[in-house]
Engineer: 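One structure, as structure tokens, below. Some questions next.
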Amino acid sequence: ASQATIIQRRPDFSTISSEDLSYFKNILGEIGVVQDEETLDAVNTDWMRKYKGTSKLMLQPRTVEEVSQILKYCNSRCLAVVPQGGNTGLVGGSVPAFDEVIVSISHMNKIISFDKVSGILVCEAGCILENLIAFLDNEGFVMPLDLGAKGSCQIGGNVSTNAGGLRLLRYGSLHGSVLGLEVVLANGTVLDMLGTLRKDNTGYDLKHLFIGSEGSLGIVTKVSILTPPKLSSVNVCFLACKDYASCLKLLLEAKRKLGEILSAFEFLDHDAMDLVLKHLEGVRNPFPFSMHNFYVLIETTGSSESYDREKLDAFLLNSMENDLISDGVVAQDITQASSCWHIREGIPEALMKAGGVYKYDLSIPVEKMYDLVEEMRVRLDASAKVVAYGHLGDGNLHLNISTPQYDDNILSQIEPFVYEWTSKHKGSISAEHGLGLMKANKIHYTKSPETVQLMASIKKLLDPSGILNPYKVLPPSLFTKS
Ligand code: FAD
Ligand code: MLT
Ligand code: ZN
């Protein structure tokens with residue numbers, strides 16, 4: 001793929017032998033050792049079809065003991081491993097760079113316990129997010145995270161990428177809601193950190209090392225997570241704004257006037273809306289008779305229908321009077337609310353249908369955020385569509401450049417400009433998707449040399465042979481043997 005960084009396979013990694021296969025079949029049975037071409041093709045290819053590995057082997061353990069035996073063996077044989085969840089990651093982290101063994105967690109998908117008083121859910125890492133959402137809904141609770149990939153992504157993948165998503169504004173990051181983890185280290189050691197306590201200050205809180213480490217420090221096998229109760233009153237409105245400054249004022253007003261009931265504040269620009277209308281079936285334009293420059297989706301979640309609606313109506317009236325919104329619809333039922341969400345959540349899929357896409361997932365101080373989008377439009381010619389959307393309430397911009405096909409010429413106009421700009425404005429080059437293969441060599445745009453060095457030391461301590469997700473997250477040059 002044109003965007004992949006050029007890297008060399010590490011010569012110290014072994015290749016799979018027939019003895020290795022016999023060993024794996026012995027511990028997992030034939031069923032847990034996958035070698036058929038069609039399946040391997042799918043698991044070697046990422047969601048964007050941009051990164052592709054050449055692994056000849058996927059292992060599907062069912063228990064933590066099996067994960068431990070696999071890693072212990074791979075470590076002793078110096079066989080490199082890629083942990084894989086739902087394979088929805090957007091930075092090339094979930095597929096092999098070369099011929100690494102894919103360790104899929106999909107078959108570890110049991111809910112272990114749910115405490116209805118505390119709202120603490122304990123489950124295996126391979127549980128699909130949407131299944132957890134449905135399970136909790138039945139119990140009168142919600143997951144503290146939600147994202148467009150919920151139908152495929154797994155809680156272990158969410159934890160390993162520290163996924164943000166559509167509810168972070170309300171419930172905070174997984175560093176807050178994950179209470180405990182069970183993790184298998186590269187040498188097979190099982191770390192039981194599966195606490196279910198809100199408070200536990202006994203020494204270093206090591207679970208945080210694994211939240212967001214993208215499978216480079218260990219394989220997450222179980223997760224304990226604090227879930228909030230489901231509240232009865234949810235409102236969704238889809239609003240149009242004439243300019244970016246109005247979106248920002250609206251955000252401030254929403255925080256002030258909606259306060260504790262605000263549960264999402266998402267934005268998309270005209271080009272993102274255009275793309276969704278063009279490429280996704282069944283999407284209705286909420287404003288069919290007028291074009292707008294920006295759109296904002298606001299969701300409120302609270303416990304009183306009349307009180308919440310009163311607050312929302314007052315906020316909308318005030319925003320209209322102050323000319324912050326030029327048009328708007330409030331969803332009247334669940335169907336209308338999900339059509340509003342479908343527009344926002346459907347953007348990644350619409351981008352895929354449109355051709356090639358260069359994705360940038362940036363944290364930038366909100367006042368400056370859209371300047372980058374405008375500067376990018378000036379840099380690129382009209383065949384490249386610059387599309388912006390994201391979690392405005394969290395200061396997270398998704399800047400996407402959509403092109404008919406991948407083109408290195410266009411890439412060289414985007415990078416390193418986009419990273420330099422973000423660094424200059426003290427932003428982050430990965431707000432929520434992680435670094436993966438795509439940005440392993442770009443970490444220095446956001447992190448200091450001393451910080452990167454310490455990260456490399458931690459990686460070497462936990463995984464001395466570097467078998468876990470090599471070439472990803474940190475610059476591969478830090479791990480080549482001289
Ligand atoms: P994978 O893609 O399989 O893996 C991701 C990374 O985690 C890889 O490095 C992999 O090695 C590692 N990993 C996976 N499972 C484990 C495990 N059990 N133990 C150790 N390492 C593991 N992200 C957001 O933050 N916010 C969003 O709003 C959002 N929306 C998305 C919408 C769409 C349509 C898509 C396709 C992706 C979106 N993402 C979003 C990207 C996001 O990273 C993932 O969807 C999700 O968190 C990854 O989960 P997964 O199970 O698919 O992991
Ligand atoms: C989103 O917010 O839609 C996701 O992070 C996916 C993307 O950035 O395309
Ligand atoms: Zn996102």
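Hydrogens, waters and symmetry mates play no part in the numbers below; they use all other heavy atoms, side chains included. Positions are given from 1, in the same order as the sequence printed here. Numbering of ligands and ligand atoms starts at 1, following listing order.
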Engineer: Taking 4.0 angstrom as the limit and counting only heavy atoms of I105, give me the atoms of ligand 1 inside it, by number and element.
Structural biologist: 18 (N)
Engineer: I need the atoms of ligand 2 closer than 4.0 Å to a non-hydrogen atom of H391, numbered in the order shown.
Structural biologist: 2 (O)
Engineer: Considering only non-hydrogen protein atoms, determine which one is nearest to atom 2 (O) of ligand 1 and report residue, atom name and distance to 0.1 Å.
Structural biologist: G89 N, 2.7 Å
Engineer: Could you find the nearest protein heavy atom to atom 39 (N) of ligand 1 and give me its residue, atom name and distance?
Structural biologist: L90 CD1, 3.9 Å
Engineer: If I consider every N, O or S atom in E432, which one ends up closest to the Zn ion (ligand 3)? I only need its name.
Structural biologist: OE2
Engineer: In terms of residue, atom name and distance, what is the protein heavy atom nearest to atom 23 (N) of ligand 1?
Structural biologist: H433 CD2, 3.6 Å
Engineer: Of the backbone atoms (N, CA, C, O) and the side-chain heavy atoms from C-beta on, which set of N469 has a member under 4.0 Å from an atom of ligand 1: side chain, backbone, both, or neither?
Structural biologist: side chain
Engineer: For K460, I'd like to know if atom NZ has over 12 heavy atoms of other residues, nucleotides or ligands within 6.0 Å.
Structural biologist: yes
Engineer: Is K150 salt-bridged to E345, going by a charged N under 4.0 Å from an acidic O?
Structural biologist: yes
Engineer: Measuring from non-hydrogen atoms of K359 to any atom of ligand 2, is the shortest distance under 4.0 Å?
Structural biologist: yes
Engineer: Can a donor-acceptor pair be found between the side chains of W341 and E299 at a distance below 3.5 Å?
Structural biologist: yes
Engineer: Quick check on side chain to side chain donor-acceptor pair (under 3.5 Å): which of K439, H398, E415 does Y360 satisfy it with?
Structural biologist: E415
Engineer: Just going by heavy-atom distances, which of M108, E266, E432 is nearest to atom 26 (N) of ligand 1?
Structural biologist: E432
Engineer: So if I count the atoms of ligand 2 from 1 in the order they appear, which ones are less than 4.0 Å from some heavy atom of L90?
Structural biologist: 6 (C), 7 (C)
Engineer: Can you report which non-hydrogen protein atom sits closest to atom 7 (C) of ligand 2, along with the distance?
Structural biologist: Y389 OH, 3.3 Å
Engineer: For atom 10 (C) of ligand 1, what is the closest protein heavy atom, and at what distance to 0.1 Å?
Structural biologist: P83 O, 3.1 Å
Engineer: Strictly below 4.0 Å, N to O, side chains only: are D99 and K56 in salt-bridge contact?
Structural biologist: no
Engineer: Report yes if N87 has an N/O atom closer than 3.5 Å to an N/O atom of ligand 1; otherwise report no.
Structural biologist: yes
Engineer: Among protein heavy atoms, which sits nearest to atom 2 (O) of ligand 2, and what does the distance come to when rounded to 0.1 Å?
Structural biologist: R344 NH2, 2.6 Å
Engineer: Within the 4.0 Å heavy-atom shell around E214, which atoms of ligand 1 are there?
Structural biologist: 9 (O), 11 (O), 12 (C)
Engineer: Of all the non-hydrogen atoms in the protein, which one sits nearest to atom 25 (O) of ligand 1, and at what distance?
Structural biologist: G164 N, 2.9 Å
Engineer: Is it the case that ligand 1 has an N or O less than 3.5 angstrom from some N or O of A125?
Structural biologist: no
Engineer: Give a yes-or-no answer on whether the side chains of Q60 and S106 include a donor-acceptor pair shorter than 3.5 Å.
Structural biologist: no
Engineer: Looking only at protein heavy atoms, which one is nearest to atom 32 (C) of ligand 1, and how far off is it?
Structural biologist: A149 N, 3.6 Å
Engineer: Please work out, at 4.0 Å between heavy atoms, whether the side chain, the backbone, both, or neither of E345 comes within that distance of ligand 1.
Structural biologist: neither
Engineer: Identify, by atom number and element, the atoms of ligand 1 in contact range of H391, meaning under 4.0 Å from any of its heavy atoms.
Structural biologist: 28 (O)
Engineer: Within a distance under 4.0 Å of any heavy atom of G215, pick out the atoms of ligand 1 and give their elements.
Structural biologist: 20 (C), 21 (N)
Engineer: Give the minimum heavy-atom separation between L90 and M438, together with the two atoms involved.
Structural biologist: O-SD, 4.5 Å
Engineer: How close does the nearest protein non-hydrogen atom get to atom 5 (O) of ligand 2, and which residue and atom is it?
Structural biologist: H433 NE2, 2.7 Å
Engineer: Show me which atoms of ligand 1 lie under 4.0 Å from any heavy atom of Q154.
Structural biologist: 50 (P), 51 (O)
Engineer: In terms of side-chain heavy atoms, does N469 have a donor or acceptor partner in S216 at a distance below 3.5 Å?
Structural biologist: no
Engineer: For ligand 1, which atoms have a heavy atom of I219 less than 4.0 angstrom away?
Structural biologist: 19 (N), 20 (C)
Engineer: How far is atom 28 (O) of ligand 1 from the closest protein heavy atom, and which atom is that?
Structural biologist: G165 CA, 3.3 Å
Engineer: Name the one of N162, I219, V159, V183 that satisfies side chain to side chain contact (heavy atoms under 4.5 Å, CB included) with F210?
Structural biologist: V183
Engineer: A163 heavy atoms, cut-off 4.0 Å: which ligand 1 atoms fall inside?
Structural biologist: 25 (O), 47 (O)
Engineer: Is the NZ or CZ atom of R10 positioned over F479's six-membered ring, under 6.0 angstrom from the centre and within 45° of the axis?
Structural biologist: no
Engineer: Would the number of heavy atoms belonging to other residues, nucleotides or ligands and lying under 6.0 Å from CZ of R379 be above 12?
Structural biologist: yes
Engineer: Within the 4.0 Å heavy-atom shell around G93, which atoms of ligand 1 are there?
Structural biologist: 8 (C), 9 (O), 11 (O)
Engineer: Only one of F13, Y471, Y51 forms a ring-ring contact (aromatic ring centres under 6.0 Å, His included) with F98, so which one is it?
Structural biologist: Y471
Engineer: Is the closest side-chain donor-acceptor distance between N293 and Y244 under 3.5 Å?
Structural biologist: no
Engineer: Would you mind telling me if ligand 1 is within reach of the side chain of T88, the backbone, both or neither, using heavy atoms under 4.0 Å?
Structural biologist: both
Engineer: Report the nearest protein non-hydrogen atom to atom 6 (C) of ligand 1: residue, atom name, distance rounded to 0.1 Å.
Structural biologist: T161 CG2, 3.6 Å
Engineer: Just heavy atoms, cut-off under 4.0 Å: does N158 contact ligand 1 by side chain, backbone, both, or neither?
Structural biologist: both
Engineer: Verify the neighbour count for atom NZ of K353: are there more than 12 heavy atoms of other residues, nucleotides or ligands below 6.0 Å?
Structural biologist: yes
Engineer: Does G436 come within less than 4.0 Å of ligand 1, judged by its heavy atoms?
Structural biologist: no
Engineer: Below 4.0 Å from ligand 1: does a non-hydrogen atom of G218 turn up there or not?
Structural biologist: yes
Engineer: How about N400 and K359: does a side-chain donor come under 3.5 Å of a side-chain acceptor?
Structural biologist: yes
